[in-house]
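Data block below; observations after.
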Amino acid sequence: MKRMNEQAQRVDLKLATSMVALVLAGMAAPALAADDQAATAAAEESKEDTTIIVTGTRRTDRTVAESPVPIDVFSTEDFKAQPSPQLQNIIKTLVPSFNQNRNLLGDASAFVRPPNLRGLPADQILVLINGKRMHRSALVQVTGDALNVGSQGPDLSQISSPAVSRIEVLRDGAAAQYGSDAIAGVINIGLNRSDSGYNLAARYGQTYRGDGEDLQLSANAGFKLGDGGFFNITGEFIDQNVFDRSVPRPEIAPLIAAGITPPRPTGNRLGQPSNRAYRVVWNSAVPVGDGDEVYAFGNYGWQRQSNDFNYRRPIGVTAPDIPLRPGTGNLTKSINSLWYLDRIGTDPVSGRAIFSETGRTWSDTVLFPNGFVPVFEASIEDLSIVGGYKGSTEGGLKYDFTAAYGRNQIRYFMYDTLNPSLGPATPTDFYLGKVTQQEYNLNADFSYETDIGLYKPLFIAAGLEFRRETFAVGLGDRASWEPGIFGSQLVQRANGTTFNVTKPVGANGFPGFGPDSVAEGGRNNYSAYIDFEAEVVEGLDLGLAARYDYFNDFGSTFNGKFSARWAINDVIALRGAASTGFRAPTPGQQFTQNTQTGFPQGSPVPVATQTARPDSISAQYFGAQELEPEKSTSFSGGIVLTPGSGFNLTVDAYNIVVRDRIGITSSINVTAADQQALLALGLPTALDLGQVNYFTNGFRTRTQGFDIVLSHRGDVAGGRLNSSLAVNYNKTKVTDRRSIALSAIRPTDTRVLSLIDNTRKGNIEDSNPRWRAVLSTNYTNGPFDLTVRANYFGKFTTYFLPVGSVPAGVDPVAFRALYPAPNAAAGIPEWGKTFGAEIGIDVEAGFTVAENYRLAVGVENLFNNYPDVETRNAYPSTGGQANGSLYPGSSPLGQAGGFWYVRATAKF
């Protein structure tokens with residue numbers, strides 16, 4: 001197995017290397033053909049090199065070419081020919097080290113898709129808007145992908161792409177400059193500053209299969225404010241329908257044969273949520289006095305998304321077993337047994353009501369005779385407003401004072417389901433509750449240039465920041481979480497004997513937030529930073545930054561960064577940086593507490609499974625400690641080549657170690673002795689508690705990789721050809737995993753809690769492709785333009801929990817050939833499967849009339865490529881999984897297949 005993996009890695013590396021070689025050869029040819037137009041290319045190149053950056057530096061004269069750390073700058077021209085209007089998808093096609101999966105229909109992570117940058121999760125990416133921190137989403141990704149489980153980052157989809165004029169992506173740690181979250185890098189979104197004109201855009205598309213219809217309408221307008229001021233506003237409407245890539249679940253054919261017609265042909269849809277969104281983004285500034293400026297910007301967004309949960313069968317059926325796994329085709333009724341309605345007495349020992357087996361009964365099939373598919377919906381409201389005043393004194397001191405407020409709220413609903421414990425009294429539609437994240441920021445930033453005898457003046461920046469974050473969980477409808485009388489019933493047979501019957505509690509699919517889940521909390525953060533940058537001698541730039549942060553809930557942290565760039569000559573420059581960083585635990589991680597109640601294994605009393613706050617009685621009893629910030633050490637180094645003739649090449653390597661990463665512990669069973677002890681400690685619900693888990697600092701990772709960015713601009717065949725190749729290699733390894741031995745708290749308690757099991761460890765390390773590349777070419781000739789883009793995703797491996805013991809009556813040799821047992825010594829990890837590398841080709845052709853009107857047609861994934869099929873746990877009758885899925889949910893290629901669209905834009 002190990003040998004096969006090594007061979008596969010060599011093949012993958014060879015394929016990627018060959019691809020790079022072919023591209024380099026193809027890009028060199030146009031340059032040779034364009035020698036007679038070198039003056040035009042040189043002018044364009046000069047323009048590129050003098051693009052001023054504002055991310056990763058507080059200097060006002062730093063250009064892209066002079067940056068000591070890797071930074072990508074993209075303009076509206078780069079956005080113009082993108083197949084998707086969603087901002088996160090645009091960044092994905094422009095930055096290979098940025099990835100965001102198209103999650104299958106499932107939990108709330110399908111609504112707020114968490115990205116990753118350089119193999120690190122969403123909450124280790126700092127997002128700025130106009131250089132100011134963007135607030136987080138209210139969603140804590142409890143069920144996100146392996147990299148993002150437990151993370152809480154911003155929701156990039158809330159910013160309309162037509163409102164954006166520029167994106168800067170800093171691919172380097174910057175916590176010493178910007179504070180918490182900037183471990184993986186920084187994405188700075190610059191809003192449109194146009195003060196005149198109107199821009200209208202419409203886009204419609206759908207998949208080759210005729211589903212996933214996607215409509216976007218947007219309008220942008222700019223207005224002058226006074227002498228030199230502006231007000232720019234963008235409105236956007238998105239209407240996105242579900243695409244479905246499910247195959248029939250194994251029970252569908254037997255159910256149809258029994259005369260039952262499921263609500264969905266395949267059982268449930270798997271693809272993307274339906275999404276209707278309305279968004280407004282605005283940006284403004286007004287000059288004051290001699291060079292000062294008052295500015296303000298913000299956004300408001302509202303969207304409603306919905307998706308399917310798993311189909312619930314109305315009867316039990318039998319389907320062909322998964323090979324060599326007898327019994328896997330025995331598919332029982334989803335909510336088993338009857339509801340007994342007639343109470344005939346009271347048990348004298350327990351005091352429980354007794355119901356008659358021979359009396360009246362009820363079944364969920366009264367409401368849903370063909371079974372039911374719960375529909376999960378989220379209503380997301382996002383708001384921000386930022387205002388400030390900036391200018392300079394006569395002595396040259398520049399200042400910028402800012403106040404900002406941001407709020408994200410998600411309200412959850414569930415339709416076409418029931419609370420089984422309520423029986424006939426159950427509603428079928430539920431409000432499940434809400435989560436709300438609010439942030440308040442105050443900033444004072446100063447900068448000054450002074451001549452101290454260096455080659456160029458020393459640039460000094462310093463500042464202060466106050467930030468308050470709050471997180472709250474709001475109560476759902478009582479019926480969405482209430483344990484009803486049918487949750488656990490004592491039923492008497494005709495012969496006088498009794499038995500116990502249990503039913504799930506809460507809205508089936510996603511129980512609402514009950515009283516034990518309601519929480520509210522916040523924290524304050526005070527920060528100070530100082531930053532020095534200078535060209536000390538000709539060609540040698542040095543930078544030094546330091547930042548102090550104090551948090552009222554866990555204390556202080558100090559971080560620093562050193563950067564350098566040495567221009568050996570006009571063609572070659574070396575650059576590098578070393579920094580420490582941190583990510584403060586979010587209020588959502590600190591205050592999330594969710595309790596779901598059930599009656600497992602026939603329990604006659606309700607049993608609660610609790611994700612507990614680290615400072616709660618139950619979490620403290622099981623070893624929880626106050627959350628500490630994640631800490632990082634980052635090194636990067638690279639080379640910049642500008643040989644002329646329109647070529648630019650950068651190569652940057654990086655090494656990031658993140659310690660004390662935050663995750664959720666495995667669940668620990670609560671014994672009767674634990675319940676009594678918790679009751680004595682003051683937990684009133686202790687006797688109902690069955691399992692507990694909580695957030696904790698628990699593992700360490702090392703991420704290594706490199707980026708190669710090659711670009712070329714030249715004139716070819718009477719037109720302009722701009723080409724770029726960006727390649728990323730990224731490898732993450734879990735280098736340490738923490739276990740919590742309860743014997744340290746109670747010497748007689750031998751239990752041990754694990755945080756990262758082997759399955760999740762493997763998925764953190766291997767579920768993202770190590771190789772990623774984007775080759776993009778844009779050709780413009782008069783009114784015609786053509787963009788061709790190739791997205792390369794390397795192979796990746798995902799892991800399942802291993803299949804346990806060999807079933808009785810099954811040949812053990814044949815069984816283990818299909819289901820190998822983990823064996824670290826032999827190089828056999830958890831039950832893993834490697835999915836092959838994939839390439840998606842995007843094409844867009846546009847034609848501009850009268851300089852202001854453009855019509856374009858395009859295709860995403862031109863050749864209708866799909867990932868490899870998931871064969872583990874596949875049913876032979878359908879080829880798919882129990883839930884009807886056919887492809888791995890973590891595939892970066894997605895499952896939509898080919899997608900065509902038309903786009904029209906107009907300027908006035």
Side-chain angles (χ1 to χ4, degrees), residues 100-101 103 106-116 120-125 127 134-158 180-181 305 376 378-382 406-412 432-439 469-476 510-514 516-523 553-554 583-596 609-616 619 624 626-630 661-667 692-699 755-756 760:
Q100 187 169 44
N101 296 333
N103 295 329
D107 217 321
S109 294
F111 302 145
V112 182
R113 295 163 51 200
N116 56 74
L120 296 173
D123 56 5
Q124 293 182 7
I125 307 168
V127 179
M134 181 182 180
H135 60 277
R136 306 180 198 278
S137 164
L139 177 64
V140 180
Q141 301 277 349
V142 176
T143 58
D145 58 72
L147 286 175
N148 278 289
V149 169
S151 71
Q152 185 187 9
D155 183 0
L156 284 169
S157 69
Q158 296 299 330
S180 178
D181 305 351
Q305 300 182 77
F376 186 42
S379 172
I380 303 176
E381 187 178 39
D382 191 84
R407 179 173 68 94
N408 183 271
Q409 180 175 275
I410 307 176
R411 294 162 58 88
Y412 294 118
L432 306 175
K434 64 182 180 181
V435 288
T436 306
Q437 170 84 11
Q438 296 189 88
E439 299 181 24
E469 298 182 63
T470 66
F471 177 81
V473 180
L475 190 70
F510 191 106
F513 298 133
D516 289 340
S517 299
V518 171
E520 184 173 2
R523 63 132 181 265
D553 50 359
F554 62 76
R583 187 191 69 79
T586 71
Q589 292 171 330
Q590 293 174 303
F591 299 108
T592 289
Q593 180 155 304
N594 186 24
T595 302
Q596 296 187 6
T609 298
Q610 184 182 67
T611 297
R613 288 174 48 160
D615 62 352
S616 67
E626 187 177 82
L627 290 177
E628 298 290 337
E630 299 175 341
R661 287 185 62 168
I662 296 172
I664 302 176
T665 68
S666 57
S667 292
V692 171
N693 58 58
Y694 53 84
F695 284 94
T696 188
N697 299 91
F699 64 109
L755 175 61
I756 301 295
R760 188 181 173 203

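All values below were derived from every heavy atom in this structure, side-chain atoms included, with hydrogens, water molecules and symmetry-related copies excluded. Bear in mind that the values here come from a model prediction, so they are computed numbers and not experimental data. Counting begins at 1 with the first residue of the sequence.
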Contacts of [X] that satisfy side chain to side chain contact (heavy atoms under 4.5 Å, CB included) - sequence neighbours left out:
{"X": "Ser379", "value": "Trp302, Arg304, Arg411, Phe413"}
{"X": "Ala472", "value": "Glu520"}
{"X": "Pro629", "value": "Phe554, Phe582, Pro585, Lys631"}

Can you see whether Gln610 engages Asp516 through a side-chain donor-acceptor pair at a distance of less than 3.5 angstrom? no
Under the rule for salt bridge (charged side-chain N to carboxylate O under 4.0 Å, His left out), what residues qualify as partners of [X], not counting sequence neighbours?
{"X": "Glu381", "result": "Arg407"}
{"X": "Arg661", "result": "none"}
{"X": "Asp382", "result": "none"}
{"X": "Asp615", "result": "Arg613"}

**Message:** Under the rule for ring pair (Phe, Tyr, Trp, His ring centres under 6.0 Å), what residues qualify as partners of Phe695, not counting sequence neighbours?
**Reply:**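 Scan of Phe695 (ring pair (Phe, Tyr, Trp, His ring centres under 6.0 Å), adjacent residues dropped) gives none.
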Taking only residues two or more places apart in sequence, or in another chain, which ones meet [X] in a side chain to side chain donor-acceptor pair (under 3.5 Å)?
{"X": "Ser137", "result": "none"}
{"X": "Glu628", "result": "none"}
{"X": "Gln152", "result": "Gln437, Thr586"}
{"X": "Ser157", "result": "Asp155"}

request  = Taking the side chain as every heavy atom from C-beta outward, state whether Gln305 and Ile380 have any atom pair closer than 4.5 Å.
outcome  = yes
Output field: ring centroids Phe376/Phe510 closer than 6.0 Å:
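Ring centres of Phe510 and Phe376 closer than 6.0 Å.
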